[in-house]
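Notes to accompany the following structure.
First the proteins, then the strands, lettered A, B, ... as listed; each starts at 1.
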Amino acid sequence: MIKITKEDFNLEEEFKKIHSKKNGAYSFFLGTVRQDIDDNINGIFLECYEDLACNQLNKIKKDSTQKWNLSDCTIIHRIGDLKISEKIVLVITAAPHRSDCIEACEYIIDTLKANVALWKFHIKGKEKEPVNQKKKDLDKYLSWSQVIS
Amino acid sequence: MIKITKEDFNLEEEFKKIHSKKNGAYSFFLGTVRQDIDDNINGIFLECYEDLACNQLNKIKKDSTQKWNLSDCTIIHRIGDLKISEKIVLVITAAPHRSDCIEACEYIIDTLKANVALWKFHIKGKEKEPVNQKKKDLDKYLSWSQVIS
Amino acid sequence: MKITIKYFSWVRVKIQKSHELFEFSDEMTFLNLKNELINKNSFFDEIFKDRSIKFFLNLKEITDENISLNDGDEIALLPPVTGG
Amino acid sequence: MKITIKYFSWVRVKIQKSHELFEFSDEMTFLNLKNELINKNSFFDEIFKDRSIKFFLNLKEITDENISLNDGDEIALLPPVTGG
């Protein structure tokens, strides 16, 4: 399942949707709004080009399912205003064996961060400041090019 | 938190216990009882040398927390009789940034599989057959020796 | 011919709108459009010189600037993404 | 001197008990204990020849067979683990 939503989600409920007796291994990545010590923020705002982002997420799901032989995969991304410590993004990968789902889960979050039409803003008082892309996120994504191609 | 238990657990509840605004990233590994197509089983039985297993899990937690600068870590392992598709093991790692918690989570489950006093049995009718250690699990664990030392 | 242009992230903040509808009488390519826009507003000069911005036409990344545009097309200006 | 021996996995299944209490009158090392057990039951010969089995004394892996044993010690025979 691919979902872009303003709503919060529950990890146990999302697991139940993907849970199957044919799988022995599930890997989850959960990103939340971190209280940065250096950079005092009240929360974040997430902007999305939804039609494009859905296409991009579906392509990531398809590529990773083929490459790692996943049984299934969930990607949920929140949009809009989020407070400190709220959930932002959830990736769940399911497979018969663990190495596949662990590697695929990391690939998915790394690719999402570098390649899906979502933009983060720091909320400081009434201001929303666009967050710059981190070089290390781009480098991490590029490091997969040998694995996936 | 380290827990060896007969009781089931809820992913959202376990996340809430480890959730903190200082973390932006959580990695989960969940192992469940898989319905093996080749090898018809009714479920599994998990035996444990609890005093030793607790010591070993605490050491894994301590090592991985230091090595990857984790904020926190949860390891729950079920024991006793488990039916097909029931949860067996949960690892949650929490860190400010994702690469740390993803790598640490994989280290923890790989180390647990090769190095903690737990033994799996396949339940077939009224028989409980000890499961053999897989060479690939041992090899995977040994592959970490360069990372952790 | 009507072309919608969508703006995201700092581009949207700077131009103070999320999208804009432009009308052109002639047939045109994306390269023609770029020149038209730069003529209308010097802001676009900065945008089209910024190598980090990607351009999408109807949800597909533009790889050839000579691609023809059609009535109802949607073009998006995408700064580097920062989700996750 | 009383020594408890704990059995796990296929060792427990084969010996049909999870633990056993042995009494010895003399001071002894783990090496002495191994020989005593092999004398009592030839099953232990198989166990002590199996390089995959690990031996723990009071939750610490035995690395030196000449380690002295004390009253109340707990020794565990651990086949390769298969949790997770």
Would you please name every residue forming a ring-ring contact (aromatic ring centres under 6.0 Å, His included) with Phe29(B), sequence neighbours left out? none
Which one of Pro96(A), Gly24(A), Cys101(A) has the most heavy-atom pairs closer than 4.5 Å to chain B? Gly24(A)
Can you confirm whether Ile92(B) sits close enough to Leu30(A) that some side-chain heavy atom of one is under 4.5 Å from a side-chain heavy atom of the other? no
Does any part of the side chain of Leu11(A), heavy atoms only, come nearer than 4.5 Å to the side chain of Phe28(B), both counted from C-beta? yes
Heavy-atom cut-off 4.5 Å, strictly under: side chain, backbone, both or neither for Cys105(B) against chain A? neither
Between chain A and chain B, identify all donor-acceptor pairs below 3.5 angstrom, including backbone and side-chain atoms.
| from | atom 1 | to | atom 2 | distance (Å) |
| --- | --- | --- | --- | --- |
| Leu11(A) | N | Glu12(B) | OE1 | 2.7 |
| Glu12(A) | OE1 | Leu11(B) | N | 2.7 |
| Glu12(A) | OE1 | Lys87(B) | NZ | 3.1 |
| Glu12(A) | OE2 | Lys87(B) | NZ | 2.8 |
| His19(A) | NE2 | Ser85(B) | O | 2.8 |
| Lys21(A) | O | Gln35(B) | N | 2.8 |
| Asn23(A) | O | Thr32(B) | OG1 | 2.9 |
| Gly24(A) | O | Thr32(B) | N | 2.9 |
| Tyr26(A) | N | Leu30(B) | O | 2.8 |
| Tyr26(A) | O | Leu30(B) | N | 2.8 |
| Phe28(A) | N | Phe28(B) | O | 2.9 |
| Phe28(A) | O | Phe28(B) | N | 2.9 |
| Leu30(A) | N | Tyr26(B) | O | 2.8 |
| Leu30(A) | O | Tyr26(B) | N | 2.8 |
| Thr32(A) | N | Gly24(B) | O | 2.9 |
| Thr32(A) | OG1 | Asn23(B) | O | 2.9 |
| Arg34(A) | NE | Pro96(B) | O | 3.3 |
| Gln35(A) | N | Lys21(B) | O | 2.7 |
| Ser85(A) | O | His19(B) | NE2 | 2.7 |
| Lys87(A) | NZ | Glu12(B) | OE1 | 3.0 |
| Lys87(A) | NZ | Glu12(B) | OE2 | 2.8 |
| Pro96(A) | O | Arg34(B) | NE | 3.4 |
| Arg98(A) | NE | Asp110(B) | OD1 | 2.9 |
| Arg98(A) | NH1 | Asp137(B) | OD1 | 3.0 |
| Arg98(A) | NH2 | Asp110(B) | OD1 | 2.7 |
| Asp110(A) | OD1 | Arg98(B) | NE | 2.9 |
| Asp110(A) | OD1 | Arg98(B) | NH2 | 2.7 |
| Asp137(A) | OD1 | Arg98(B) | NH1 | 3.0 |

